[in-house]
Amino acid sequence: MSEKQFNLDTVEHAAATPDTELPWAELGLKENEFEDIKEILGRRPTAAELAMYSVMWSEHCSYKSSKVHLKQFGAKVTDEMKKDLMVGIGENAGVTDIGDGWAVTFKIESHNHPSYVEPYQGAATGVGGIVRDIISMGARPIAVMDPLRFGAIDHPDTARVIGGVVAGIGGYGNSLGLPNIGGEVEFDSCYQANPLVNALAVGIMRHEDIRLANASGVGNKVVLFGARTGGDGIGGASVLASESFDDTKPSKRPAVQVGDPFAEKVLIECCLELFKGSVVEGIQDLGAAGISCATSELASNGEGGMHVDLTKVLLRDPTLTPGEILMSESQERMMAVVSPENVERFEAIMNKWGVEYSFLGEVTNSGRLVIEWDGEVIVDVDPRTVAHDGPTYERPYARPEWQDDVQANHFTGSAADDSRPRGKELGEAIKAFMASPNMCSKSWITNQYDRYVQGNTALSMPDDGGVVRVDENTNLGVALATDASPRFTYLDPYEGARASLAEAYRNVATVGARPVAVSDCLNFGSPEDPDVMWQFAEAVRGLADGCMELGVPVTGGNVSLYNQTGGKAINPTPVVAMMGVMDDVTRRTPSGWAPEHDGQAIYLLGTTRDELDGSEWARFKGHLGGQPPKVDLALERQLGDMLVNMSRDGMIDAAHDVAAGGLAATLVEACLRFNTGARIGLGEVAERDGLDLFTLLFSESLGRVVVSVPRSEEVRFKDMCTARQFPFARIGVVDAESNALDFQDEVSIDLDELRAAHEGTLAAHFGEVAKG
């Protein structure tokens with residue numbers, strides 16, 4: 001078949017030429033998948049059908065290797081967990097009732113591979129794509145977050161990737177006028193050629209404004225609106241994220257999408273006006289797989305039929321073939337279903353906002369998705385076979401042979417060697433530790449984001465969670481935190497995933513919000529590697545079990561596989577996004593004490609154990625091995641409930657969870673938050689928990705939080721802890737006059753020196769951020 005014949009391949013022609021060779025492998029399909037397509041159709045596919053199936057059956061879109069495990073998120077849900085859930089897994093984003101007639105939708109997704117190929121646009125369009133998911137639910141976006149992971153800080157390519165990614169996130173999010181309220185940043189050589197760029201968006205709506213995307217109502221019009229369709233992003237994330245980078249076929253490196261945040265800002269307002277006036281039956285964003293996805297999913301979710309004339313698509317590049325038009329992932333595009341009586345109102349709104357649109361076809365009762373090009377039928381498929389009934393693989397998996405050796409390799413170091421310093425050496429070690437790539441301040445990144453635009457941000461980085469006001473009249477708000485423990489998950493995928501969940505839960509509770517919903521972004525290596533697939537299966541099992549124990553449902557999320565290069569997979573990185581509800585955001589709790597808290601008591605909640613394996617201190621010393629800390633989710637739930645009550649009742653003025661870097665990092669960060677010192681004495685708690693000072697400072701035992709308590713509230717505070725039999729210990733006092741973090745009888749560390757060490761690392765590696 002010539003190129004011209006291939007591009008204009010019709011259904012009639014396909015039926016008459018069954019032996020024509022098609023480039024299914026170059027489009028990312030496996031041979032068995034190509035055979036399945038032929039069996040479904042009863043003939044060979046046309047070029048356009050092949051394009052549709054290739055992107056919709058990609059790993060990124062179909063979840064073909066992961067969905068057998070993801071079913072646990074639905075199976076392990078109790079009635080209690082469902083009580084606030086208004087829309088669950090399977091839609092563009094989940095929706096949760098937060099009270100007073102308000103609902104919140106949030107979701108996290110990946111844009112990893114595109115962000116390595118073209119960091120700025122890869123990251124920018126990741127933000128744009130997740131925001132459109134929120135719009136399509138009928139919600140107004142109110143904030144974004146971005147958990148990021150990069151290669152070694154001193155690798156020559158890291159500066160290229162981090163510079164582009166951060167600029168892309170900031171450039172797109174800032175232009176949309178959405179505050180970036182948090183995230184996390186990690187540097188590790190395992191991410192060298194596979195940076196993780198996960199993007200989260202959250203939106204709000206009234207209950208009656210919830211919208212679901214489907215093509216219902218025979219005769220209703222199908223319309224594409226927004227930006228024109230171009231050659232950028234052909235195959236995009238759908239194909240690029242479905243193979244490892246060691247596959248060098250050109251088709252695995254398609255053009256990365258190019259974003260226009262100002263066009264998206266107009267789309268937000270346009271879509272919200274369409275929803276408010278009930279002008280559309282539903283809206284579907286065009287993200288991964290573009291028109292292929294929008295048409296097949298709308299038809300499959302509705303009454304099962306749609307007729308489309310592809311020649312009516314407005315193009316930026318008139319040379320695009322039908323298959324390329326179907327595969328293009330050009331940004332800032334939406335597809336809507338409009339009843340005939342609303343067409344005039346729809347056009348008026350488009351014209352008001354200056355948005356281009358084209359009516360492509362209509363909803364039918366045929367049960368088929370039929371697409372024409374120049375009067376010829378080039379696609380005739382059952383839309384479910386494209387959108388929902390793709391291949392399902394039960395990939396083989398087994399516990400790796402090397403896992404036992406890894407878990408037996410515990411972090412050691414006696415009190416006599418330099419891995420466990422004391423006295424003046426401890427002070428110097430803490431300063432060096434807090435300047436290390438993963439413990440240093442990430443303000444070089446967060447200062448490039450607008451955290452306060454719209455005026456509703458109550459907390460953001462570097463606090464434990466971001467808090468945004470939803471209702472100005474009542475101060476109702478939401479809190480969000482994203483967390484992952486890749487090193488723990490490498491050591492034990494089940495426990496590491498539960499630790500990630502616990503930290504996200506704890507961070508939301510620490511700021512004073514009641515955790516209510518989870519979205520996850522599961523970043524792993526190749527599913528064709530049984531070792532990786534075992535890590536994935538165990539992590540999903542850990543998250544599903546953990547959510548059930550905490551009573552918090554998974555409302556949606558994303559799976560990103562094939563994050564590996566040259567056969568080397570990233571550390572398994574299940575990112576957990578937790579959303580919580582705050583009745584009054586004015587009661588939010590920051591992560592550090594301020595000068596006005598002088599004299600307040602500092603308490604440690606929880607018990608510390610000798611759990612240094614996988615810790616940041618072990619990383620600081622170049623070690624990864626042993627067993628991760630074990631999480632007690634019943635204790636985490638109890639701690640979370642206490643923190644919410646303490647915040648609401650004014651018992652605490654500051655709270656900071658003990659996580660990466662242990663108690664040492666928590667105390668440093670709490671002092672630096674508002675540049676206020678503290679005097680700390682750990683002898684009593686060290687004796688209680690049977691630990692030496694070093695272990696107490698750097699262990700990463702879970703279920704711990706440091707709080708500052710006003711003198712007037714100490715009795716109530718201790719009574720609550722005692723009544724609930726929750727371990728607590730008074731470990732110090734806020735000292736606003738000292739300008740030091742003073743470990744009594746050990747070392748006093750000047751806060752100015754700490755700040756200089758903590759805040760200088762990223763600028764030293766990547767240059768000062770331009771002020772302006």
Side-chain angles (χ1 to χ4, degrees), residues 84 86-87 92-109 126-147 169-170 172-183 199-211 261 264-273 275-276 283 285 446 449-461 463 465-482 508 511-517 519 555-556 577-586 588:
D84 295 325
M86 302 182 75
V87 176
N92 285 314
V95 180
T96 303
D97 177 12
I98 65 167
D100 292 342
W102 288 100
V104 168
T105 179
F106 79 117
K107 189 180 181 182
I108 185 170
E109 286 192 344
V127 174
I130 196 65
V131 167
R132 288 194 303 279
D133 276 341
I134 298 305
I135 301 169
S136 66
M137 298 303 298
R140 175 175 289 280
I142 60 169
V144 295
M145 299 178 79
D146 61 297
I169 292 169
Y172 205 101
N174 293 351
S175 298
L176 284 181
L178 294 175
N180 189 317
I181 60 172
L200 176 148
V202 57
I204 59 171
M205 70 198 92
R206 302 296 294 174
H207 288 181
E208 60 271 19
D209 293 333
I210 296 173
R211 298 291 188 273
E264 178 127 336
K265 176 61 176 171
V266 172
L267 267 188
I268 293 173
E269 302 305 328
C270 183
C271 289
L272 291 175
E273 185 167 345
F275 282 134
K276 185 177 181 180
I283 291 178
D285 79 295
T446 58
Y449 305 150
D450 192 331
R451 287 170 278 172
Y452 301 104
V453 63
Q454 296 189 14
N456 286 315
T457 303
L459 286 180
S460 66
M461 288 285 283
D463 292 303
V467 177
V468 183
R469 181 175 55 188
V470 168
D471 186 344
E472 294 184 14
N473 295 319
T474 65
N475 286 320
L476 177 70
V478 293
L480 292 120
T482 63
V508 165
V511 299
R514 174 175 57 89
V516 296
S519 181
T555 62
M578 184 73 65
M579 189 266 285
V581 179
M582 195 163 224
D583 295 334
D584 182 357
V585 299
T586 66
R588 81 281 194 196

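All of these numbers come straight from a predicted model, not from anything done at the bench.
- Rounded to the nearest 0.5 angstrom, Ile169 CD1 and Thr446 OG1 are separated by 12.0 Å.
- In this structure, the side chain of Asp463 does not engage the main chain of Gly465 through any donor-acceptor pair within 3.5 Å.
- Counting heavy atoms from C-beta outward, Ile135 and Pro141 have side chains that approach closer than 4.5 Å.
- Scanning all heavy atoms of the two residues, the minimum distance from Val467 to Ala479 falls at CG2-CB, 3.9 Å.
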Inset, instruction - Please step through side chain to side chain contact (heavy atoms under 4.5 Å, CB included) for the pair Leu200 and Thr482, ending with a clear verdict. - result: CA-CA 9 Å; Leu200 176 148; Thr482 63; 4.2 Å; yes
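- The shortest distance between side-chain heavy atoms of Pro147 and Ile108 falls below 4.5 Å.
- A donor-acceptor pair under 3.5 Å links the side-chain atoms of Gln454 to the main chain of Gly177, judged by distance alone.
- For the atom pair CZ (Arg469) and CG (Leu476), the distance works out to 11.0 Å, reported to the nearest 0.5 Å.
- Residues meeting the side chain to side chain contact (heavy atoms under 4.5 Å, CB included) test with Lys265, sequence neighbours left out: Leu176, Glu269.
- Rounding to the nearest 0.5 angstrom, the gap separating the CE atom in Met137 from the CE atom in Met205 is 6.0 Å.
- Leu272 places a side-chain heavy atom less than 4.5 Å from the side chain of Arg140.
- Taking 4.5 Å as the limit, every side-chain heavy atom of Val131 sits out of range of all side-chain heavy atoms of Asp285.
- Taking Arg132 as the reference, Glu264, Gln331 meet the side-chain hydrogen bond (donor to acceptor under 3.5 Å, both in side chains) condition, with sequence neighbours excluded.
- Residues forming a side chain to side chain contact (heavy atoms under 4.5 Å, CB included) with Ser175 (at least two apart in sequence, or on another chain): Pro261, Phe262.
- The shortest heavy-atom contact between Ile283 and Cys271 is CD1-SG, 4.0 Å.
- Taking all atoms of both residues into account, the shortest heavy-atom contact from Ala103 to Met86 is CB-SD, 4.0 Å.
- Applying the side-chain hydrogen bond (donor to acceptor under 3.5 Å, both in side chains) rule to Arg514 yields no partners; only residues at least two apart in sequence or on another chain are considered.
- In this structure the side chain of Ile181 reaches within 4.5 angstrom of the side chain of Leu480, judged on heavy atoms.
- Contact between Thr457 and Pro179 at its shortest, heavy atoms only, is OG1-CB, 3.5 Å.
- Annotation: the span from Arg451 atom CZ to Asn174 atom CG amounts to 11.0 Å, rounded to 0.5 Å.
- Scanning for side chain to side chain contact (heavy atoms under 4.5 Å, CB included) contacts around Ala517 gives Thr96, Phe106, Thr555, Met579, with sequence neighbours left out.
- Side chains of Lys276 and Asp209 form no contact here, defined as non-hydrogen atoms less than 4.5 Å apart.
- Of all heavy-atom pairs between Val468 and Ala143, the closest is CG2-CB, 4.0 Å.
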Inset, instruction - For side chain to side chain contact (heavy atoms under 4.5 Å, CB included), just list the numbers for Val87 and Thr105, CA-CA rounded to whole Å, side-chain angles, deciding distance to a tenth of an Å, and then say yes or no. - result: CA-CA 9 Å; Val87 176; Thr105 179; over 6 Å; no
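- The distance from the CG atom of Asn456 to the CG atom of Asp471 is 10.0 Å, given to the nearest 0.5 Å.
- Every side chain to side chain contact (heavy atoms under 4.5 Å, CB included) that Asp584 has, sequence neighbours left out, goes to Asn475, Thr586, Arg587.
- Using modelled atom types, no side-chain atom of Arg588 and backbone atom of Leu459 make a donor-acceptor pair closer than 3.5 Å.
- Note: Asp100 CG to His207 NE2 = 9.0 Å, rounded to the nearest 0.5 Å.
- Contact annotation: the side chain of Val202 approaches that of Val104 to within less than 4.5 Å [non-hydrogen atoms, C-beta and beyond].
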